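First the structure, in the form of structure tokens, and then the observations on it.
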There are 2 protein chains.
Amino acid sequence: MLPFQVDSHSGVPVYRQIMDQIKYYVSSGVMFPECKLPSIRELAQFLTVNPSTIIKAYKELEHEGVIESLKGKGFFVSESAPKMTDDERREALRRMARRMLSEAHQMGASEIDVLQALDEERLAINPNSDLIVSLVLRGIRRDR
Amino acid sequence: MLPFQVDSHSGVPVYRQIMDQIKYYVSSGVMFPECKLPSIRELAQFLTVNPSTIIKAYKELEHEGVIESLKGKGFFVSESAPKMTDDERREALRRMARRMLSEAHQMGASEIDVLQALDEERLAINPNSDLIVSLVLRGIRRDR
DNA sequence: CCAACTGCTTGGGTGTTATCATACAGACAA
DNA sequence: TTGTCTGTATGATAACACCCAAGCAGTTGG
């Protein structure tokens with residue numbers, strides 16, 4: 001099963017976190033039309049939430065045309081599921097970036113601090129890749 | 001007045017967005033002990049939310065020891081308001097970064113895309129500064 | 001057919017979030 | 001003193017988020 005995860009302390013409703021993740025998976029092509037989603041009970045157990053919460057997320061996505069339900073079979077990614085264009089993806093990323101910079105600024109962190117944190121996390125996920133950017137960032141840090 | 005802002009569509013409760021912003025301001029030193037906060041009615045009007053919502057945020061922060069109230073005068077940053085250590089700030093930044101990378105990955109964006117978006121937003125806010133990182137990023141893009 | 005899997009439905013309960021209206025009380029300046 | 005700013009307190013309302021239980025109905029494979 002695709003890596004689903006929810007943070008019950010984030011303040012964002014669980015059903016919306018689930019919706020977002022599925023939408024991202026679909027728009028990125030990780031999930032494509034005809035793809036079967038985890039069953040309601042299965043995903044509910046996996047995330048240790050109530051099945052009603054999954055139903056709410058799935059029903060909402062069905063209403064948006066992202067997925068479809070077949071009684072007795074399961075939920076599947078819709079044929080006409082909207083894919084993100086490159087521009088939409090870029091815009092989404094910039095929205096995230098804007099919020100992150102705003103919060104970072106409010107807590108007194110510099111722009112370099114943000115880039116640095118991002119690069120550290122990136123490296124933690126992907127220890128093998130080494131970007132020029134990382135080297136530059138490390139160079140900046142060393143200079144201080 | 002300090003730039004307060006809330007996004008009523010983010011899913012995060014408004015009173016918690018307000019709390020977070022004040023905590024960030026205090027921990028970064030932008031707001032310091034004795035600093036007067038916007039009055040309840042003033043901030044409520046500014047953000048076009050109900051005064052009760054502001055009261056909830058302020059009361060919660062008072063309970064956490066971040067701010068104090070003086071009847072008839074207003075709310076003020078507490079003398080013993082907890083400041084973030086550098087490590088705590090770094091950890092907070094990395095949590096943000098982790099979430100952003102996770103979401104970006106789910107929507108099929110690469111790590112470079114994220115750094116790129118962040119740099120674009122950074123530049124939009126601060127058009128005068130030019131980081132080496134930006135130049136490197138632009139170099140990477142040109143190479144494609 | 002039967003068991004085990006699917007989605008679907010109903011109804012109840014709890015706590016949170018946010019709205020609105022109204023009133024009281026301290027501080028302070030004109 | 002009076003007006004206007006401040007915080008405080010109350011109760012009512014509505015919507016939402018989440019949980020829980022129990023059962024109905026379609027699909028599929030042994």
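These numbers come from a predicted model, not from an experiment.
Crowding of A/Lys36 atom NZ: a count of heavy atoms from other residues, nucleotides or ligands under 6.0 Å exceeding 12. Around the CD atom of B/Glu62, the shell of radius 6.0 Å holds more than 12 heavy atoms that belong to other residues, nucleotides or ligands. In the displayed structure, A/Gln45 atom CD is contacted under 6.0 Å by at most 12 heavy atoms of other residues, nucleotides or ligands.
Map A/Gly72 and A/Pro13 each onto its nearest nucleotide of DNA chain D; the residue landing nearer the 5' end is A/Pro13.
Of the charged side-chain nitrogens involved, none lies within less than 4.0 Å of a carboxylate oxygen, so that B/Arg99 and A/Glu121 do not count as a salt-bridged pair.
A straight line from CD1 of A/Ile67 to P of C/dT6 spans 15 Å, rounded to a whole angstrom. A straight line from CD1 of A/Ile54 to C1' of C/dT6 spans 15 Å, rounded to a whole angstrom. Regarding B/Leu70, its CG atom lies at a distance of 14 Å from the C1' atom of C/dC28, rounded to whole Å.
In 5' to 3' order, the nucleotides of DNA chain D bounding all contacts with chain A (an atom under 4.0 Å from a heavy atom) are D/dA17 to D/dT28.
At the heavy-atom level, B/Lys59 lies under 4.0 Å from the strands shown only through sugar-phosphate atoms. Heavy atoms of B/Tyr58 sit nowhere under 4.0 angstrom from any nucleic acid atom.
Side-chain atoms of A/Thr85 and A/Asp87 include no donor-acceptor pair closer than 3.5 Å. Side-chain contact, A/Ser28 with B/Gln106: no donor N or O sits under 3.5 Å from an acceptor N or O.
You'll find the ring centres of B/Phe4 and B/Tyr25 inside the 6.0 Å limit.
No option in A/Arg89, A/Arg90, A/Lys83 other than A/Arg89 meets the salt bridge (charged side-chain N to carboxylate O under 4.0 Å, His left out) test with A/Asp86.
At the phosphate of C/dG7, neither OP1 nor OP2 sits under 4.0 Å from any side-chain N or O atom of A/Lys73.
Within residues 38-53 of chain B, the residues approached by DNA chain D to less than 4.0 Å at the level of any non-hydrogen atom are B/Ser39, B/Ile40, B/Arg41, in residue-number order.
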